[in-house]
Structures are given as structure tokens and as C-alpha cells.
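Proteins get letters first, then strands, A, B, ... in listed order; numbering begins at 1 in each.
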Protein chains: 2
Amino acid sequence: MEALPALSVPVTIYDIAREANVGIGTVSRVFNNHPSVSEETRRRVLTVAAHFNYHPHPYARGLARKRTNAFLAVIPFFTTFFFLEILHGVQSALADGETDLLLHGVSHPDHAEPSLRRVSSRGRFDGILYFSMRLPDDFVQEVKQLKVPLVLVDAYHPDFDSFSVENVVGARQATAHLHALGHRRIGMLAANLESLPARERLSGYRQGLEEAGIAYDASIVLSSTSPRLDGFTRETGYELMGRFIAMGSRRPSAVFVSSDVQAAGALMAVQDAGLRCPEDFAIIGFDDIALAGHIGLTTMRQPLVEMGRLAVQRLNERLATPDLPITQHSFVPELVVRRSCGSGSPSAPELTTTQLTYSHA
Amino acid sequence: MEALPALSVPVTIYDIAREANVGIGTVSRVFNNHPSVSEETRRRVLTVAAHFNYHPHPYARGLARKRTNAFLAVIPFFTTFFFLEILHGVQSALADGETDLLLHGVSHPDHAEPSLRRVSSRGRFDGILYFSMRLPDDFVQEVKQLKVPLVLVDAYHPDFDSFSVENVVGARQATAHLHALGHRRIGMLAANLESLPARERLSGYRQGLEEAGIAYDASIVLSSTSPRLDGFTRETGYELMGRFIAMGSRRPSAVFVSSDVQAAGALMAVQDAGLRCPEDFAIIGFDDIALAGHIGLTTMRQPLVEMGRLAVQRLNERLATPDLPITQHSFVPELVVRRSCGSGSPSAPELTTTQLTYSHA
DNA sequence: CGTCGCGGTGGAAGCCCTTCCAGCTCTTTC
DNA sequence: GAAAGAGCTGGAAGGGCTTCCACCGCGACG
């Protein structure tokens, strides 16, 4: 260990063993924190390793251990804001620095399959995080056969662990909030009802009305028929809001919009019509993506960051104990008051992150 | 090859070789598209492989080939909108399905280093995409010594390939646009001038004024002193816009804001003051993140998707030909007219993606 | 009719680790 | 004083692939 680190560029475990006068087994044990290495030897090995800037080769390790220390995240790129936050949580849970994240952006829900093909190639990752998309049936088979643990986020399948959100409850609460603010004529601007979340949110809205003792009025419930992203787009929000505005005196005084992105469009429509938001229309969204803060939108928060974090945690647990019973976690969204409904503080941009609550399903 | 795929779960190249009555070398050649395999043998091997759902083990491959087929993306998570789009481009360039993307979110610019430590562990990826952050000096050393190709996106360093944006030119054009719309009293809302992009955009603004024959007036140039994200936040936009509003009759009629995020805050301030945007203030941003579309912000587009795509392409080129001369690409931002400046179509959310232009540095 | 070359092919060696078994040196125990 | 452990350690085998060298058969060539 006299010389400078002039060893050939790829420093291997053999180099370290030789320089430290130990066997390769011992070096390996040191790097795996195996207890049966004397303190003195351990220190010597570590010194030499640091000196040569040695790091075990991850692939060699993976091959020998039959473990990759990487997770695959299959994520829809089209719901931009949404997954971003979840990813944030995922990252922070991975911060141990031991596990890597492999990203697989899917640019269209129907294009998930091709990129899933690669999953069949065992040996790239230890587990899968699957976001917001329906799980194709043959993929389910494949994953189960390969015995790769998979955790669903913002999605549901009976055979896998999942973390999702109580759409019905959230929508009910949103409606209740509008009611509590004094609104009696509350409309809903829904996404394409072909999609489950859209239907659930509509259903929650109806429950909310019922609890408030308000009769359901189909004329102030507009839903998108757009197939694109199931209608969860700014464009549908803009267009449908225009129809509300055109109703004149028969229009609702408040609208529950089924997503923040749509609500952004709705807000633009209101502005374009020369109307103002808390005053002429109260608008509440759903999701609490970062955009909501930027435009002062009152909305129902989904604990996205937390969901990401817990999903990783769950994956680790399942890796450690494969036959854990499957659990389905379900979060209750939380009201975030900004200014689009007129209540709460004005609009000084808030910096705080509120606590989140959740419950078991 | 009579039996069902009842081979032990991990199917190896040996299994396939045996079942297809060939040597492992031949199987390997088939999977690597080596020319010297007879058509007949190739077909037979592929049939058997498909039958047993065989895929070469990526780690074993990586170990033997000394190549990982993965890129590392080091990305700031705090500039959410921004990197998202770039990532989109990266993904699409990776769509060949051969290369994987390893994600490394950095939640604070100062925290890049710890996560970079892992870079020293050779053998995890073949190349690095480094986004929007300053490259720490010791990291530069390390990367160069390890000879891992690195491409910078939205950042610059003389020793590496990079793709960035002409901040000066873009800011000049933004200013020119305001001038063309008839504005003569044009202010600027800048980020923290400690940061280079902030300074460049200010400098472009001044050039723009000069070209328009307007004298520079320091009283209507406000800059943030916030250290947080170098002042590129909604909060600074809100606050500084408030100061403009408070100027009464001496206030500018148009404001060039140094980023879309800040512009979002500025728009909120305008609204909160009971003023309206194209009418009382023309506001132009910079970046064209997705948010800009959602709030109808006129802005200077950076071709983010394209940058991501080209960065990947460049990395591949450099991998193929390591001693290519270093190139620094620089894009000229493009004006995207929405409604915050009052010109152009009203605000029906646009769906089109405009062409982008770019030039060599 | 030998020799060359070429399209194909088999498989050993090597990539860099982990793991397991054997073995070594001291203590401890009866 | 022998036997049995306890505490460490060395290194072969194995993980699944690529690559290279050796080799085989056969048509072409002189």
C-alpha cells in the first residue's frame, strides 16, 4: 500500500485484498458489515479501500446476491403534476442511498404494455412501483409468475398492495365545504365518466348534496366526453365552465371540479367571461397539485408525497417478508383552503405544508 | 424442447443452448445480432428462447460487457415543472428500449454532492445527464477521472458537452415584444442576481431597452434577494409585483418577469389588487413551463423536451466515439403569445406545439 | 488432389462479486 | 493434557453472460 492509487482504473476486490494483506472474503465481509471481522482488520481494509477509492461493483454484486438494489417506477408522464409529487416521496424514501430508482415514463395509458415487456427481464430491479394506471391482465400474470413484488399507487388491484385515495369521501367533503360557505346551488364539472375516479367523485358529490339536504339537479352537472386523458384536461374545464357561465341566472353559484387541471381551465373561462372567481363563482378542485397553489385554488389534497414514501416502504417490507398479507391503504383527502372559494385567508402564497391524515381501508 | 416451460425459474443461456442443441456461444451471438449465425440456427434459438420466455440477464451482461445500458439523470426536484419536461424528452430518446434511466432527484441544490458520491461507484451507468445545477469542482475531477461521459442540460461547464439556453437573447426578445405592443415604460421583475441566469436575463432586458431606444430606469427594475431557489419562486413574484403596484402612476405598464413561476405570483398579486392583467399590466414570463399554458401567460419558450432528447443523443454519440470534440449547444428561446400581454388570440387553451429553433454556440 | 479460406460453431476464460466450507489459532473445559 | 469450542480468515465455487480462440466441414483454387 505504498504506491499512489496507480492501480489500473477498475479497482477490484482482489486489489484491495492484496494491498491490505487479507483474503477477498474478508474484504467482502467488511463491505457487507459482516460481524466476524476483527476491528483491526476492518479498519485496515477500509483504509486501503478509501485510499484507492474502491467501491464494490454493483452489477457483480447483483449477480452474486441475486438482488439488484433497484426499484422500477412505471409512471404516466401525461399526468405531469401528479406523479411528480409522488416521485418526490419515492425519492425521499430511497434516500438511504442503497437503492436506485429506475424510471419508466409511459406517455399514454394505452402504451403501458410495450414498456412493461421489459419487466419480464428479471434481474433489473427488485420491485415495481406502478402508478395511476390500470394494470393489464397479462401483465398481472407475468408479475405474479416472476414473483416480483409490485405496489400500486393511486390504483387498485385485489392481488397487490396499494395506496389510493378515497375519491368518494373527498368529493363529499368538497361539496360539504361549498355548502358550509353558504352555497345552495352547487354544480359539478366532471371528467369523463368512463373513468372510475370520475365516477367516484361524482358519487361523492351526490352524497354531499344529500347530506346537505340539497336535491340533485342534473342540469348543473356537466361531464366531459373527451377520451383524451379521460377528460382530465384544462380544455374540458374551460369548455364546460363556459357552458355554466352561459346558463345565466340558472347557473350554479359554486362548482366542484373533479380535478385541479380542469379547475385551472375553469378559472380561465371565468376570467375570459369578465367574471371573477370567489365573487361570481366559487370553485373547488381536487388533487392539490402544485399548480393549485400557483393559482390560489381551494382543493382537496391527496397526500401524494406521503403515498410515494409509503409505497417504497411497503415494497421494502414485502421484499424482506414476501408472504406478508396484502394490504390496501386508502387515504382521506384533506381540504386546502385558498381563495377560489372566497373563504380563508386571502392569497398570500402559503408556504406551509399541512399535515395529512389517513386511514386503513 | 418437448416439455412445457418447466425449467427452474431462472432460465439461463445454458438452458436455451441445451434445448436448442447449440453451444452457449451461439445463443449469445443470436441475442447480440452477431452476423455469423446461420439463419436456420438463429430461428431455432429464438423459438426455444421465446418458448421459455428467456431474456439475457442484464447484470450478467453488464458485467461481461463492461457496460450497463443505463444512464443516470441527476435532476433538481425543486424546479419541478422545469425538469419534468426535459425528462419527457429524455424518455422519448431512450425509447429504443435498450437503455434504462436511473433517476437521482436532488431536493436542494446544495445537496447535490452527497448523491453524487454514488457516481464514483462505476458500473451502475454508462453516462450522466446533469441538469440545471452547478457542477461541484471535486465532482468534475471525479467524473473526468472515471471517464464517465457527462452531458449538461441547462447548465454550462467548459469541459463537458452542454445544451443550454440563450438567456440574454431570450430576454432581449421578450423586451422587444413588449415594446412592439406599444409599451414604453417596461419594468423588470428579476430573480436573485447572485444567480447567473438571473443576471443574464437582466442583461438581455437592458439590451432590449437599448435597441428600442428606451432609457434604463433602475426604479422599475426590482430583484429578489431571497436565497431560496435563487429567488425563482412564486413568492418573490408576488411580493415584488406588489411593489410595482404600489408605485401608483409611476409604475410600469409592462413587466418582464424572469421566470414563469415568478410570473404566476405576479399575476396573483395583480388580481389581489383588483387589477387585471392585459389591461393594467402586461406581463411576460420566461421558460414556458406547463403552468404558463394553464394561466395564459405569454412567455419565452425554452425547448425543454428537445433539450432532453438531444442530450441523450449526445451521450450516445460520445459513448460510441469517446474523443469527439466537446460541443456546447445553445438554444434561442421562442416567443409564445398567450394573453397576459394582451396581444394574440384570447385564451382558448392552445393545444399546438410550436416548432423550435436552435443554433450552435 | 492438396491447400486455402471462409461461414459456422463450441466452450474456456474472464467480468467482480458473495457465500460457504475448511482451516488456523487461541481459550476454555473436564 | 486432550478435546471442544470460539473467533477469524482464506479462497474455491458459482452467479449468467460475452468474447476469443480453436476447430470443423466444404467449396474453390492452383
Side-chain angles (χ1 to χ4, degrees), chain A residues 7-46 48-49 52-70 98 120-126 146, chain B residues 7-46 48-49 52-70 98 120-126 146:
Chain A
L7 296 182
S8 53
V9 179
V11 184
T12 75
I13 200 171
Y14 290 91
D15 299 317
I16 303 306
R18 178 170 18 88
E19 299 292 324
N21 281 317
V22 294
I24 55 164
T26 300
V27 177
S28 177
R29 272 174 292 242
V30 167
F31 276 91
N32 290 290
N33 291 316
H34 196 287
S36 73
V37 180
S38 76
E39 195 45 46
E40 196 219 313
T41 308
R42 149 173 272 102
R43 242 197 311 272
R44 186 150 38 94
V45 168
L46 286 177
V48 174
F52 290 101
N53 195 21
Y54 166 78
H55 298 268
H57 190 296
Y59 276 28
R61 235 182 183 176
L63 197 57
R65 275 209 280 221
K66 295 164 178 291
R67 202 168 191 284
T68 63
N69 283 330
E98 268 305 295
S120 42
S121 165
R122 88 237 117 99
R124 255 300 194 203
F125 39 78
D126 301 328
L146 287 166
Chain B
L7 296 181
S8 54
V9 180
V11 183
T12 75
I13 201 171
Y14 290 92
D15 298 318
I16 303 304
R18 178 170 20 83
E19 300 292 325
N21 281 315
V22 295
I24 56 163
T26 300
V27 176
S28 176
R29 272 174 293 245
V30 168
F31 275 90
N32 289 292
N33 290 317
H34 196 286
S36 75
V37 179
S38 76
E39 195 45 47
E40 196 220 311
T41 308
R42 152 174 269 103
R43 241 197 311 274
R44 185 149 39 94
V45 168
L46 286 177
V48 173
F52 290 102
N53 195 22
Y54 166 78
H55 298 266
H57 190 296
Y59 276 27
R61 237 182 183 178
L63 198 55
R65 276 209 279 220
K66 296 164 178 294
R67 201 170 193 282
T68 63
N69 283 329
E98 268 305 294
S120 44
S121 165
R122 91 237 115 99
R124 255 301 195 202
F125 38 79
D126 301 327
L146 288 167

Round to a whole Å and report the spacing from [atom1] of [X] to [atom2] of [N].
X	N	atom1	atom2	result
B:D15	D:dG15	CG	P	11 Å
B:I13	D:dG15	CD1	P	14 Å
B:R18	D:dG16	CZ	C1'	14 Å
A:R124	D:dG16	CZ	C1'	14 Å
A:R61	C:dC15	CZ	C1'	16 Å
A:R44	D:dC8	CZ	P	14 Å
A:N69	C:dT18	CG	P	11 Å
A:R67	D:dG14	CZ	P	24 Å

Let's see if you can work this out: which of [options] has an atom nearest to the side-chain heavy atoms of [X]?
X	options	value
A:Y54	C:dG14, C:dC17, D:dC8	C:dC17
A:P10	C:dC16, D:dT18, C:dG10	C:dC16
A:I24	D:dA12, C:dC16, D:dG15	D:dA12
A:L63	D:dG16, D:dC8, C:dC15	D:dG16

Any donor-acceptor N/O pair under 3.5 Å between C:dC17 base and A:Y14 side chain: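 Such a pair is found, so the answer is yes.
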Residues touching DNA chain C, which here means a heavy atom under 4.0 Å, drawn from residues 29-37 of chain A: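 Output list: A:R29, A:N32.
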Is any side-chain nitrogen or oxygen of [X] closer than 4.0 Å to OP1 or OP2 of [N]?
X	N	answer
B:T41	C:dT9	yes
A:K66	C:dT19	no
A:S38	D:dG7	no

Between [Y] and [X], is there a side-chain heavy-atom distance shorter than 4.5 Å?
X	Y	answer
A:E19	A:Y54	no
B:T12	B:R18	no
B:N69	B:P58	no
A:N21	A:R44	yes

5′-ward residue of the pair B:N21/A:V27 relative to DNA chain C: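 Going by which nucleotide is closer to the 5' end, it is B:N21.
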Which residue lies more 5' along DNA chain C, comparing A:R65 with B:V22 via nearest heavy atoms: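 That would be B:V22.
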Do you know which two heavy atoms are closest between [X] and [Y], and how far apart they sit?
X	Y	result
B:N32	B:R65	OD1-NH1, 3.2 Å
B:P10	B:D15	O-OD2, 3.8 Å
A:R29	A:V37	CB-CG2, 3.7 Å

Residue from A:I24, A:V30, A:V22, A:V27 passing side chain to side chain contact (heavy atoms under 4.5 Å, CB included) with A:I16: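 Result: among A:I24, A:V30, A:V22, A:V27, A:V27 is the only option passing the side chain to side chain contact (heavy atoms under 4.5 Å, CB included) with A:I16.
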Partner set under salt bridge (Lys or Arg N to Asp or Glu O under 4.0 Å) for B:R43, not counting sequence neighbours: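 Once residues adjacent in sequence are excluded, the partners of B:R43 under the salt bridge (Lys or Arg N to Asp or Glu O under 4.0 Å) criterion are B:E39.
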Ring geometry between B:Y59 and A:Y59 (parallel below 30°, tilted from 30 to 60°, perpendicular above 60°):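 Rings of A:Y59 and B:Y59: parallel, as their planes differ by under 30°.
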Sugar-phosphate, base or nothing in reach of A:S28, heavy atoms under 4.0 Å: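 Contact class for A:S28: base.
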Helical bend (five base pairs per end, nearest 10°) for the helix from C:dC1-D:dG30 to C:dC30-D:dG1: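 Inter-axis angle at the ends, rounded: 50°.
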